[in-house]
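Below you'll find the structure, written out as structure tokens, and then a few comments.
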Amino acid sequence: MIPFDAIPAYLLTGAFAGFFAGLLGVGGGVVVVPVLTLIFTAQGFPAREVLHLALGTSMATILFTSLSSLRAHHAHQAVLWPVVRQLTPGILLGTLLGAQLAGRISSRSLSIFFVAFMLLLAMQMIANLRPPPSRRLPGWIGLSAAGSVIGAIASLAALGGGALTVPYLIWCNVPPHRAIGTSAAVGLPIAVGGTLGYIGNGWAHADLPAGSLGFVYLPALGIILLASVLIAPLGARLAHSLPIKLLKQIFAGLLLVLSAKMLWSLYST
């Protein structure tokens with residue numbers, strides 16, 4: 001049973017995840033994973049399974065927030081569907097492989113990867129690097145290969161893929177609002193493949209807490225979704241009216257704070 005004082009934390013986590021899913025086309029894993037790591041540790045879950053449960057539960061939330069965010073961005077005609085179709089086959093393959101790999105990596109090693117990735121992402125957002133004007137999207141082979149890399153890393157870090165897809169599309173000179181909308185659509189196949197992978201990897205683990213479906217902790221999933229699906233359309237609407245550069249810098253600051261808190265919680269004991 002979930003402790004009563006954990007419910008507000010789950011609701012707030014879901015609200016943040018949904019907001020940033022709509023706002024920046026990210027799946028919310030950069031918010032959900034560090035916070036769930038703290039909450040699960042406080043609930044006394046097995047230390048060696050805490051991060052895997054946080055990653056699996058985060059990936060499952062992305063399955064639903066991406067749908068909500070996708071609908072809002074599609075209404076603004078910001079989704080490049082041909083790009084989504086060409087990225088999807090590689091993404092499905094990459095997410096399944098990434099989830100399989102995550103189940104075989106220790107929590108400490110996985111946490112190092114996750115924090116290093118968040119720090120790298122924060123630096124990229126702060127730098128606001130711009131591509132040469134001549135750069136364009138590659139053909140379907142290049143997009144499929146890019147999708148495999150995006151899917152694998154997104155699955156390992158339990159991200160919706162926006163943390164990689166948005167910078168990649170902007171690097172190919174796709175307008176930021178369309179990059180965000182397309183990323184929201186790409187988050188759906190990432191979440192499907194990643195969620196199935198985390199459920200399968202955790203299925204045979206006998207020491208998981210009650211209410212777990214593999215590495216997905218269903219009680220937390222339900223509460224987080226209640227808030228995130230409602231808030232995601234609000235973030236999507238704001239994404240089409242606020243300056244993207246400023247939003248990315250604010251989000252980069254959030255990544256730095258969450259990275260520091262996650263490192264402290266995992267290595268202070």
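Note: hydrogens, waters and symmetry copies are ignored here, and every other heavy atom, side chains too, is used.
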Can you tell me how far the [atom1] atom of [X] sits from the [atom2] atom of [Y], to the nearest 0.5 Å?
X      : Y      : atom1 : atom2 : result
Met59  : Leu196 : CE    : CG    : 10.5 Å
Leu87  : Leu169 : CG    : CG    : 6.5 Å
Ile223 : Leu12  : CD1   : CG    : 13.0 Å
Thr88  : Leu92  : OG1   : CG    : 6.5 Å

- request: List for me each residue that meets side chain to side chain contact (heavy atoms under 4.5 Å, CB included) alongside Leu218, sequence neighbours excluded, and say none if there are none.
  value: Leu213, Val216, Leu221
field: By side chain to side chain contact (heavy atoms under 4.5 Å, CB included) - contacts of Leu208 (at least two apart)
entry: Glu49, Leu53, His205, Ser212, Phe215
message: Show every side chain to side chain donor-acceptor pair (under 3.5 Å) that has at least one partner inside residues 137-149, sequence neighbours left out.
response: none
Minimum heavy-atom distance [X]-[Y], with the two atoms named:
X      : Y      : value
Val84  : Ala185 : CG2-CB, 3.8 Å
Ser58  : Leu36  : N-CD1, 4.4 Å
Pro219 : Gly211 : CD-O, 3.4 Å
Gly56  : Tyr198 : CA-CG, 3.6 Å
Thr37  : Val33  : OG1-O, 2.8 Å
Ala179 : Ile170 : CB-CG1, 3.8 Å

Do [X] and [Y] sit in one hydrophobic cluster, given that two such residues count as connected whenever their side-chain heavy atoms are within less than 4.5 Å of each other, even indirectly?
X      : Y      : result
Ile141 : Ile150 : no
Ile62  : Leu226 : yes
Leu230 : Leu11  : no

Does the side chain of [X] reach to within under 4.5 Å of the side chain of [Y], using non-hydrogen atoms?
X      : Y      : result
Thr13  : Thr61  : no
Phe16  : Val32  : no
Leu137 : Leu143 : yes
Leu188 : Leu63  : yes

- prompt: Tell me, which pairs form a salt bridge (charged side-chain N to carboxylate O under 4.0 Å, His left out) where one or both residues lie in residues 192-217, sequence neighbours left out?
  reply: Arg48-Asp207
field: Pairs touching residues 173-183 that satisfy salt bridge (charged side-chain N to carboxylate O under 4.0 Å, His left out), sequence neighbours left out
entry: none
field: Tyr168: ring-ring contact (aromatic ring centres under 6.0 Å, His included) partners, not counting sequence neighbours
entry: none
- prompt: For Leu80, does its backbone N or O pair with a side-chain atom of Thr182 as donor and acceptor, under 3.5 Å?
  reply: yes
task: State whether the side chain of Ser183 and the backbone N or O of Thr165 hold a donor-acceptor pair below 3.5 Å, judged by distance alone.
output: no
